[in-house]
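The structure appears right after this line, and notes come after that.
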Amino acid sequence: MRTYRVDLISDTVTKPSAAMRKAMAEAEVGDEQKFEDPTVNRLQERVCELLGKEAALYLPSGTMCNQIALAVHCRAGDAVFMDQTAHPLTAEGGGPAANARAMVVPIAGEGGVFTAEQLAAALPDGSRYRPVARLVSLEQTSNLGGGRIWPLATLDGVCRLARARGLALHLDGARLFNAVVGGGVPAREYAARVDSIWIDFSKGLGAPVGACLAGSAAFIAEAWRWKQRLGGSMRQAGIIAAGALYALEHNVERLADDHRRAARLAAQVADLPGLHAHPVETNIVLIDVERPAALWAERLAAHDVRVGAIGPNRLRAVTHLDVDDAAIEQAVAAFRTTAETLAAEPAAGTR
Ligand SMILES: *Cc1c(COP(=O)(O)O)cnc(C)c1O
C-alpha cells in the first residue's frame, strides 16, 4: 500500500494520535447492546448535551446513521427530498431504496445547498398519483458541495416550508462541527431545527470509528430496532467510543486550523494556469481543471501529494488533523510544478 507525504484525499485518513490511543486502551467497557458499556453510555450522553436532544445512539458509521434515520422516518414509497449530491443518494449503495424503501427526490442545489423555492417546486401536490412527501434531508456541511455551510436563513426557509407541509427533517452532520467552527452557529441551533441529526467521529474529528445519531426518545427507540436488524449492535464498543469522546474534547476547536490551511491552499493555487479553485468555507477545496482530473491527480501523486479526482475535470483536496502547514506548502509547490508542466504540454489530440 502506498502512503503519501501529503494526503488530501479525505479527512477520513487520519490515524488516532498516541493520546487518543491511550484513552482507547484505558477505556472502561461492557456489553453496549445491554447498555452496560459505560464509555458508550457517556458518549451518547455527551452527544445529547451537545445537540440538546433527548436520546442518542452510537453506530458503527455515518452511513448507518443515514440509513437508520431514513428507515425510521419513512414508509415504503415515501418521498425523501435532498440535494442531488447528498451522500445517501451518491454513496450509500442504493440504501434508501433497499432499506427505507423510500423514493429519493433529488434537488439541484448550488454547492449542495437548495432553497425553500426549490423545495416547493419539488413537493408533490398531495394527489394519489404522487408519492407521500415524508422527509427533507440536509447535509451540513455539504461534502460534494465543497464543504459549503448552509446559511442559517436558507436552512430556516427550508425547515419552515417542510414543517408547514408536515414533513420531517433530518440532518446529515458528518461534518457538522466544521460548520459550527467555520460559521459560528452552535450545534444545538442546528439540532433544534430538525427531528434527527448525527455527527461523525471518523471525519475531521480524527477518531477511527463511529458516529452518533440523535433525536427524541421515541425516535431513538425505533432506531435501536434498526441497529439490531442491520447488525450494528456491538459489544465492548467502549474501546472505539473512547476515541470519539477524546475527539469531542480535543479535536473540535482545532478544526479552525484545517479551515485556515484549506483557504491557504486555494488562495495559493488560484493564479495558476489551467485551474479554477472554488471559494473555501471549511476544510474542503474543490479545484476545476482544464486537463483531465485523473491526469492532474497522477502528476500530483508523483510529488507525493494525493488528491481526489471526483469528476472528469474536478479535484477535491481535504485538510485534516494529519496535514500541517509544511504539507500545505508542499501541496502548493506540487500544484505549481504540475500547472507549469501541463501548460507546456499539448493536450492529447492537439497535434
Ligand atoms: C462520510 C459521509 C457520510 C458517511 O459516513 P461514514 O462514517 O463514512 O459511513 C455521510 N454523509 C456525508 C456528508 C459524508 O461526508
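Fair warning: this is a prediction, and the values are worked out from it, not measured in the lab. Remember, it's 1-based here, ligands and their atoms both numbered in the order they're listed.
Here atom 3 (C) of ligand 1 lies nearest to His87 when heavy atoms of Met64, His87, Gln67 are compared.
For ligand 1, the polar-atom distance check against Thr63 finds a nitrogen or oxygen pair separated by under 3.5 Å. Checked against a 3.5 angstrom limit, the closest N/O atoms of Trp198 and ligand 1 fall outside it.
The existence of a salt bridge linking Arg2 and Asp7 is excluded, since no basic side-chain nitrogen approaches an acidic carboxylate oxygen closer than 4.0 Å. A salt bridge is defined here as a Lys NZ or Arg NE, NH1 or NH2 lying under 4.0 Å from an Asp or Glu carboxylate O, and Arg160 with Asp156 fails to meet this definition. A salt bridge does not link Asp324 to Arg260: none of the charged nitrogens lies less than 4.0 Å from a carboxylate oxygen.
Asp172 OD2, 2.6 Å is the protein heavy atom nearest to atom 11 (N) of ligand 1. Scanning the protein heavy atoms around atom 1 (C) of ligand 1, the nearest turns out to be Lys203 NZ, 1.3 Å.
The hydrophobic cluster of Tyr4 has no other members, since no ILVMFWY side-chain heavy atom comes under 4.5 Å of it.
Of all the atoms in ligand 1, the ones that sit under 4.0 Å from a non-hydrogen atom of Ala174 are 2 (C), 11 (N), 12 (C), 13 (C), 14 (C), 15 (O). Remark: ligand 1 atoms within the under-4.0 Å shell around heavy atoms of Asp200 are 5 (O), 6 (P), 7 (O). Residue Gly62 has at least one heavy-atom neighbour below 4.0 Å for each of these atoms of ligand 1: 4 (C), 5 (O), 6 (P), 7 (O), 9 (O). The ligand atoms of ligand 1 that sit less than 4.0 angstrom from a heavy atom of Glu139 are 13 (C).
Arg175 has its side chain within reach of Ile284: a pair of non-hydrogen atoms, C-beta onward, lies under 4.5 Å apart. Using a 4.5 Å heavy-atom cutoff, the side chains of Pro208 and Met24 are in contact.
Applying ring pair (Phe, Tyr, Trp, His ring centres under 6.0 Å) to His73 and the options Trp226, Phe81, Phe219 leaves one that passes, Phe219.
Heavy-atom separations between Arg175 and ligand 1 include at least one value shorter than 4.0 Å.
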